[in-house]
Amino acid sequence: GIQVEQSPPDLILQEGANSTLRCNFSDSVNNLQWFHQNPWGQLINLFYIPSGTKQNGRLSATTVATERYSLLYISSSQTTDSGVYFCAVDSGNTPLVFGKGTRLSVIA
Amino acid sequence: KAGVTQTPRYLIKTRGQQVTLSCSPISGHRSVSWYQQTPGQGLQFLFEYFSETQRNKGNFPGRFSGRQFSNSRSEMNVSTLELGDSALYLCASSLGQGAVYPMNTEAFFGQGTRLTVV
């Protein structure tokens with residue numbers, strides 16, 4: 001089945017810094033989503049981005065489907081950005097496959 | 001528009017018991033998927049239901065089962081609980097447009113049920 005790798009596994013930032021999270025996937029995808037898992041465990045939708053670029057406030061994402069990777073950019077990070085960021089993909093009528101996540105800690 | 005609702009939020013059970021978790025999807029969504037999250041294994045797919053039919057199943061023992069009702073609400077059941085079943089169980093809802101390609105399969109998750117087996 002499709003494999004998803006996220007990097008880096010852990011990231012510590014000073015408040016105000018920028019960061020880039022990467023997601024590599026092993027096969028063509030129909031769907032790619034970025035999630036932020038809050039401290040209570042809920043997965044919050046950030047982007048639905050099987051291809052192209054999207055922006056939402058301080059966050060933006062780019063997926064290059066032909067090269068099988070996606071990037072999540074966080075600018076001017078805040079302590080509330082802390083948590084685990086997951087990339088998940090599916091190839092059509094298949095379940096979402098999750099990467100292991102990037103644990104982000106933003107320090108004031 | 002209401003989101004995905006999972007009940008209960010927290011549950012403590014004893015080994016050997018069984019448990020039933022519930023998930024109400026977003027109105028109009030016909031696909032419901034279940035995932036188990038543990039620190040060691042990450043997020044693992046359990047099963048997916050679409051229009052009351054199980055469409056996909058993950059690699060879990062037969063103690064894990066589920067069903068979907070005509071109103072798209074879904075339940076999952078775990079029988080003969082083991083300590084290793086302690087986990088966060090997440091339910092996802094999506095439109096589930098069947099075999100039409102390209103499909104919008106964007107998934108929205110509930111808050112999860114945290115199950116502790118003692």
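Treat the numbers as computed from the prediction; the structure is a model and nothing was measured. Sequence lines set the chain letters: A, B, ... in the order given, protein chains first and strands last, and positions in each chain run from 1.
With contacts defined as side-chain heavy-atom distances shorter than 4.5 Å, the pair Asn45(A)/Phe108(B) qualifies. Counting heavy atoms from C-beta outward, Leu43(B) and Phe86(A) have side chains that approach closer than 4.5 Å.
Looking at Glu48(B), neither its backbone nor its side chain comes within 4.5 Å of chain A, counting heavy atoms on both sides. Interface remark: Gln6(B) contributes no atoms to any contact with chain A (heavy atom separation under 4.5 Å).
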Step-by-step side chain to side chain contact (heavy atoms under 4.5 Å, CB included) determination, Gln42(A) to Leu88(B): CA-CA 10 Å; Gln42(A) 185 169 11; Leu88(B) 178 65; over 6 Å; no

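In this structure, OG in Ser94(B) is found 8.5 Å from CG in Asp90(A), a value given to the nearest 0.5 Å. Considering CG of Leu90(B) and CG of Leu43(A), their distance stands at 5.5 Å, rounded to 0.5 Å. Taking CD of Gln111(B) as the reference point, atom CD1 of Ile44(A) lies at 8.0 Å (rounded to 0.5 Å).
The number of heavy atoms from other shown groups lying within 6.0 Å of CZ (Arg22(A)) is above 12.
Checked against the 6.0 Å centroid criterion, the rings of Tyr35(B) and Phe98(A) qualify as a close aromatic pair.
No path of Ile, Leu, Val, Met, Phe, Trp and Tyr side chains, each step under 4.5 Å between heavy atoms, connects Phe50(B) with Val32(B), placing them in separate hydrophobic clusters. In the hydrophobic clustering of this structure, Phe60(B) does not group with Phe45(B); members are Ile, Leu, Val, Met, Phe, Trp, Tyr whose side-chain heavy atoms approach within less than 4.5 Å, directly or through other members. Criterion: ILVMFWY side-chain heavy atoms under 4.5 Å apart, direct or through other members. Under it, Phe64(B) and Leu81(B) are part of a common hydrophobic cluster. Residues Phe109(B) and Val84(A) share a hydrophobic cluster, clusters being chains of Ile/Leu/Val/Met/Phe/Trp/Tyr side chains in contact below 4.5 Å. Residues Phe35(A) and Tyr48(A) are members of separate hydrophobic clusters, defined by side-chain heavy-atom contacts under 4.5 angstrom among Ile, Leu, Val, Met, Phe, Trp and Tyr.
The closest donor-acceptor contact from the side chain of Gln33(A) to the backbone of Ala107(B) lies under 3.5 Å.
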Donor-acceptor contacts under 3.5 Å from residues 10-21 of chain B side chains, at least two apart:
| unit_1 | atom_1 | unit_2 | atom_2 | d |
| --- | --- | --- | --- | --- |
| Gln17(B) | OE1 | Thr14(B) | N | 2.8 |
| Thr20(B) | OG1 | Asn77(B) | OD1 | 3.0 |

